[in-house]
Amino acid sequence: MRKLMADSETDMDRPGAKEESREKGTSSVEQEEGCAPRSSSTEAGDSPAGCIDGTEQNPEEEDHHKLSVISWNVDGLDGEEQPERARGLCSYLTSHSPDVVLLQELIQPYTRFMKKRLAEHYVFIEGGKEGYFIGMMLKKSRITLLDSETLAYPNSGRNLLVAQVLFRGQKFCLMTSHFESCKANAAERMRQLRLVMKRMVRAPDDVTVLFGGDTNLRDAEVAIVGLPGCVCDVWEQLGEPENCRYTWDTHANTNNDHRYKSRFRFDRLYLRRAGGAGPPPVEPESMALIGLEKLKCGRYTSDHWGVHCTFSAQ
């Protein structure tokens with residue numbers, strides 16, 4: 001695995017900057033290591049109007065022909081109610097039992113917390129060690145890891161995490177990243193999108209390529225860059241479901257008290273299907289937002305909603 005630069009820049013993603021109470025010492029997550037994950041509250045009114053949480057999945061009843069993926073910026077930088085939010089994250093991952101998890105804004109206390117609870121079933125790949133970083137989780141019973149690497153973006157402390165895997169005998173290239181933040185950094189963010197698209201297009205023809213992450217992209221920026229003809233936006237491919245449009249929604253998500261409310265589709269998934277004379281191409285089948293329920297502490301698991309997708313893979 002290629003060594004890479006860890007994300008070191010303070011994340012100022014949103015129209016109102018996150019205040020950094022990011023302590024280098026022991027996190028409050030680790031102070032409650034003895035606590036088991038708790039289910040989130042399901043009281044009426046916890047979920048934003050018009051948006052439903054993904055259906056919980058019994059791992060024993062999973063469809064073995066479908067690939068399930070969760071992409072989520074978990075906001076590990078937020079020091080408020082970290083133990084409860086980390087338990088909430090583990091509960092969501094346990095109940096949905098995804099094959100692949102693509103994570104952003106991880107911190108070491110979060111990864112240690114998750115490994116103690118989920119390492120029996122998942123391989124963890126980290127895209128950094130210091131500050132906050134990206135990562136992947138691959139279900140051991142379903143995904144075979146062949147190789148992984150981390151690629152640093154030029155002129156940025158951020159990076160792209162890439163894993164070559166097998167799923168039901170088919171080759172997949174999985175990618176995740178956390179693009180540059182803030183409206184003012186649109187040019188750098190678009191450069192990062194171009195680099196990801198080049199990497200997706202250049203993958204061998206018999207490989208299905210799937211990217212998921214917090215892109216911080218605005219629609220106008222994607223229009224300027226343009227997507228290659230062989231790459232599709234999964235949300236668009238599924239008919240642009242309105243209930244999955246906004247993954248960053250400060251009208252509904254109250255974790256951070258933003259003076260100016262906004263909604264964006266920052267979290268996106270891109271698919272490049274394999275070609276050639278192989279199995280039928282992988283196709284998107286469903287998408288749902290998760291993390292819409294408030295936890296018992298009164299906060300959500302993250303300031304982003306997670307994106308849960310399924311794909312056909314015959």
Side-chain angles (χ1 to χ4, degrees), residues 1 3-13 18 20-30 32-33 37 69-94 96 98 100-119 121-139 145 148-153 156-163 174-181 211-216 247-248 255 266-267 290-291 299-308:
M1 183 186 299
K3 196 88 170 166
L4 66 92
M5 299 160 55
D7 288 352
S8 56
E9 179 189 51
T10 300
D11 188 53
M12 303 286 288
D13 246 36
K18 290 181 184 178
E20 219 174 304
S21 58
R22 330 311 197 199
E23 292 162 69
K24 299 288 185 186
T26 302
S27 158
S28 57
V29 173
E30 295 178 306
E32 299 208 9
E33 284 292 348
V69 179
I70 286 177
S71 179
W72 205 344
N73 178 326
V74 298
D75 194 19
L77 295 173
D78 183 1
E80 293 294 322
E81 301 292 349
Q82 275 192 345
E84 182 76 6
R85 290 172 43 241
R87 284 193 296 268
L89 174 59
C90 289
S91 293
Y92 275 111
L93 297 182
T94 299
H96 289 285
V100 175
V101 187
L102 308 172
L103 298 170
Q104 304 85 46
E105 281 195 31
L106 284 170
I107 57 173
Q108 283 298 335
Y110 255 54
T111 57
R112 288 192 289 267
F113 187 95
M114 293 168 67
K115 284 177 182 178
K116 286 186 177 181
R117 287 149 182 80
L118 301 171
H121 302 292
Y122 286 91
V123 172
F124 285 74
I125 310 171
E126 296 171 35
K129 295 294 182 184
E130 301 296 329
Y132 64 97
F133 48 90
I134 54 179
M136 289 188 194
M137 296 167 56
L138 308 174
K139 189 187 284 186
L145 175 62
S148 67
E149 61 179 334
T150 47
L151 306 169
Y153 295 125
S156 172
R158 305 198 181 209
N159 49 47
L160 174 68
L161 179 59
V162 182
L174 305 174
M175 301 181 180
T176 191
S177 189
H178 186 187
F179 288 179
E180 202 65 54
S181 309
F211 169 92
D214 178 2
T215 68
N216 283 307
T247 65
W248 167 261
N255 275 18
F266 284 150
D267 305 88
I290 62 173
R299 294 175 69 82
Y300 295 97
T301 299
S302 173
D303 58 349
H304 287 245
W305 308 136
V307 184
H308 181 213

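The structure presented is a predicted model; accordingly, all values stated were derived computationally and were not measured.
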To the nearest 0.5 Å, atom OG1 of T94 lies from atom CG of L118 at 5.0 Å

Taking the side chain as every heavy atom from C-beta outward, state whether L89 and W72 have any pair of such atoms under 4.5 Å apart. yes

Contacts of T247 that satisfy side-chain hydrogen bond (donor to acceptor under 3.5 Å, both in side chains) - sequence neighbours left out: D267

Quick one, H178 and E105 - any side-chain contact, counting heavy atoms below 4.5 Å? yes

Taking side chain as C-beta onward, heavy atoms only, is P98 less than 4.5 Å from Y122? yes

Residue that, paired with W305, satisfies ring-ring contact (aromatic ring centres under 6.0 Å, His included) out of Y300, Y92, F266: Y300

With a 4.5 Å heavy-atom cut-off, do L160 and E149 have their side chains touching? no

For a quick test of reading the model, state the closest non-hydrogen atom pair linking Y110 to Q82 and the distance between them. OH-O, 3.9 Å

Donor-acceptor check, side chain of Q108 to backbone of E130, threshold 3.5 angstrom: yes or no? no

Measuring from L151:CG to Y153:OH, what's the distance to the nearest 0.5 Å? 8.5 Å

Verdict with supporting geometry, E80 and N255, side chain to side chain contact (heavy atoms under 4.5 Å, CB included): CA-CA 9 Å; E80 293 294 322; N255 275 18; over 6 Å; no

For T176, the side chain to side chain contact (heavy atoms under 4.5 Å, CB included) test, sequence neighbours excluded, returns L102, Q104, I134, M136, L161

Test item: L138 and V100 side chains (from C-beta on) under 4.5 Å apart, heavy atoms: yes

Any donor-acceptor N/O pair, S177 side chain to N159 backbone, under 3.5 Å: yes

Check this for me: does any side-chain nitrogen of one of E180 and R158 sit under 4.0 Å from a carboxylate oxygen of the other? yes

Enter the distance from N73:CG to T215:OG1 here, rounded to the nearest 0.5 Å. 11.0 Å

Nearest 0.5 Å, what's the NE2-OG distance between H96 and S91? 10.5 Å

Side-chain contact, heavy-atom cut-off 4.5 Å: I125 with L145? yes

Would you please name every residue forming a side-chain hydrogen bond (donor to acceptor under 3.5 Å, both in side chains) with S71, sequence neighbours left out? none

How long is the gap from CZ on R112 to CG on L106, to the nearest 0.5 Å? 12.0 Å

Distance, nearest 0.5 Å, that separates CZ of R85 from CZ of F113: 11.5 Å

How about R117 and L93: do any of their side-chain heavy atoms sit closer than 4.5 Å? no

